[in-house]
Amino acid sequence: MPRRKAAPPAEDQSAESAPHLAFDPAEFSARLAHWFKHNARDLPWRNIRDPYATWLSEIMLQQTRVATVIERYVEFLERFPTVTALAEAEEADVLALWSGLGYYRRARMLHRGAQFVLREFDGKLPRTSHELRTLPGVGDYTAAAIASIAFRERIAAIDGNVERVINRVLGWPEDRSTKARAALQQVAQSLVPPLLSPRSKANPPGDHNQAMMELGATVCTPRSPLCLQCPVVEFCQTRGEHITAPRAKQKSRTVAYLLAIRKRGTSTEVLLHKRDAQQSLMANMLELPPLPMEAVAEREPTLRLRHSITDTSYYVQIFTESAPGVPPHHDPDVIDEYHDELVVATPDDHVDSSELLPQIAASAEALQWHNTKLLALLPLTGLARKALQRSGVMLVPRPTLAGLPPLE
DNA sequence: TATTCGTGGTG
DNA sequence: TCACCAAGAAT
């Protein structure tokens, strides 16, 4: 049913005043609120009273799945519990905690944002969406989300979920034009319930925004929506998937990296390349040294993996060169033994007969040996992290036991 | 306004 | 397997 060319909504839908709806907005939001009260997931950033934590959660959640964010959010808050702590941190340390989450600009903006808040707002987040919008990395959605959730402002937060829910309810096709977005914004705003009374501790606007997103994430899903479980199905024109625009086609590329290992005294080191600060992609982050494809022609990689970045699939080949005695590749099941083995290293072993080392497509200043035991503290790219873990050089983090039932 | 930013789960 | 796309923002 989807996959058709989008048509603009009718003219009268973009009116400036409150849009005419085929149902009562108060009834809609009441149904939604009741559903949310009984179906809200228990997430770490819910029921907290720290605007900084709400801010952090909203930045992390940008284009990132809830399940992915949960652990990182807790870890980040422990390391940087306040605006001040974050503002005073080194960017590399912030990036290290963000490693693997992607969209690293978010981490840099958040870091700069904390410094901005410390300087301009005395370390306390501004309380209005208008002022929040001035923070680096905070756009319309995030400003509205923080203002409504942390400060109970009556403003609609419109993310991909909300957009999809409203389009389906009204039977509108996907349309990202300015006019269509303004129309959708009007509708979204008209659905946000007001505060009950100045004395009530409840937060109808914040709960409503979260409920709309929750509905989109768990019921009104992009494909195969669960309309039988939907609290607002009776208001819905579509009751199923709506018309969406076609996506860009996926490209693919083959790339190669060097995994060079050496020993220094009792420690083992791996060679990493620091990406240039001017790079638009993952600036200042550490990766495995890149190899030109010509250098590895005819060679068989020690490890192959696939890694996709937005609309490009990378077929990644890893070529290992290591000091004598260091296994080039290990079974992930024996990682602990492998590390024990590496600690008992032969002094002064080094990669002296390397063929690929001189072929690295990077300047020597950007290359540095790093102790494998400290890799978790470094701002590694997701791909580097994945390659280092799969090859047994970097310890795979233990799954957390929090939230699991106790052992009998 | 259209692109560019990462990564991983999912059907 | 593979296309899809997630609590968007900046440029």
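Chain naming here is simple, since letters A, B, ... match the order of the sequence lines and numbering starts at 1 in each. Everything quoted here is computed from the prediction, not taken from an experiment.
Of all the residues in residues 215-224 of chain A, A:Ala217, A:Pro222, A:Arg223 reach under 4.0 Å from DNA chain C with at least one non-hydrogen atom. Residues from residues 274-293 of chain A with heavy atoms under 4.0 angstrom of DNA chain C: there are none. Listed by residue number, the members of residues 92-117 of chain A with any heavy atom below 4.0 angstrom from DNA chain C are A:Tyr103, A:Arg105, A:Met109.
Each of A:Arg306 and A:Val66 has a nearest nucleotide on DNA chain C; the 5'-most of these lies closest to A:Arg306. The residue among A:Ser308 and A:Trp45 whose nearest nucleotide of DNA chain C is located toward the 5' end is A:Ser308.
Within the structure, every side-chain polar atom (N or O) of A:Gln63 is placed at least 4.0 Å from both OP1 and OP2 of C:dA6. An OP1 or OP2 oxygen of B:dG6 is reached within less than 4.0 angstrom by no side-chain nitrogen or oxygen of A:His307. Between B:dG8 and A:Lys386, a contact under 4.0 Å exists linking OP1 or OP2 to a side-chain N or O.
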Distance-only check: which donor-acceptor pairs under 3.5 Å involve side-chain atoms of residues 275-290 of chain A, not counting sequence neighbours?
from     : atom 1 : to       : atom 2 : distance (Å)
A:Arg275 : NE     : A:Leu281 : O      : 2.9
A:Arg275 : NE     : A:Met282 : O      : 3.2
A:Arg275 : NH1    : A:Glu287 : OE1    : 3.2
A:Arg275 : NH2    : A:Gln279 : OE1    : 2.9
A:Arg275 : NH2    : A:Leu281 : O      : 2.8
A:Asp276 : OD2    : A:Gln278 : N      : 2.7
A:Glu287 : OE2    : A:His273 : ND1    : 2.9

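Other residues, nucleotides and ligands contribute over 12 non-hydrogen atoms within 6.0 Å of the CZ atom of A:Arg239.
Applying the ring pair (Phe, Tyr, Trp, His ring centres under 6.0 Å) test to A:Tyr315 and every residue at least two apart in sequence or in another chain returns nothing. Take A:Arg46 and apply the side chain to side chain contact (heavy atoms under 4.5 Å, CB included) test, not counting sequence neighbours, and it matches A:Phe36, A:Ala40, A:Arg41, A:Leu43, A:Gln210, A:Glu214.
For the residue pair A:Ser129/A:Glu153, the side-chain donor-acceptor check at 3.5 Å is satisfied. With no hydrogens or angles considered, a side-chain donor-acceptor pair links A:Tyr141 and A:Glu58 at under 3.5 Å. Using modelled atom types and a 3.5 Å distance limit, the side chains of A:Thr64 and A:Arg106 yield a donor-acceptor pair. Using modelled atom types, one finds no donor on one side chain facing an acceptor on the other under 3.5 Å when comparing A:Ser252 with A:Ser313.
Checking each of A:Arg262, A:Lys373, A:Lys263 against A:Glu269 for a salt bridge (Lys or Arg N to Asp or Glu O under 4.0 Å) leaves exactly one that passes, namely A:Arg262.
Judged by distance alone, with hydrogens and angles left aside, A:Thr68 brings no side-chain donor or acceptor close enough to the base of B:dG9 to form a pair under 3.5 Å.
A:Val138 comes within 4.0 angstrom of the backbone, heavy atoms only, and of no base. Counting non-hydrogen atoms under 4.0 angstrom, A:Ser313 reaches nothing in the nucleic acid. Residue contacts for A:Asn209: at a heavy-atom cut-off of 4.0 Å it reaches no nucleic acid atom on any strand shown. At the heavy-atom level, A:Arg181 lies nowhere under 4.0 Å from the strands shown.
Put simply, the side chain of A:Thr142 does not reach to within 4.5 Å of the side chain of A:Arg133, judged on heavy atoms. Residues A:Leu95 and A:Tyr104 form a side-chain contact, since some pair of their non-hydrogen atoms from C-beta on lies under 4.5 Å apart.
As rounded to whole Å, 10 Å separates atom P of B:dG8 from atom CD1 of A:Ile309. Counting to the nearest Å, the P atom of C:dA9 and the CH2 atom of A:Trp55 are 14 Å from each other.
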Begin with the C-alpha distance, continue with both residues' side-chain angles, and end with the deciding distance and a verdict on side-chain hydrogen bond (donor to acceptor under 3.5 Å, both in side chains) for A:Ser99 and A:Arg385.
CA-CA 8 Å; A:Ser99 170; A:Arg385 174 174 293 255; 2.9 Å; yes
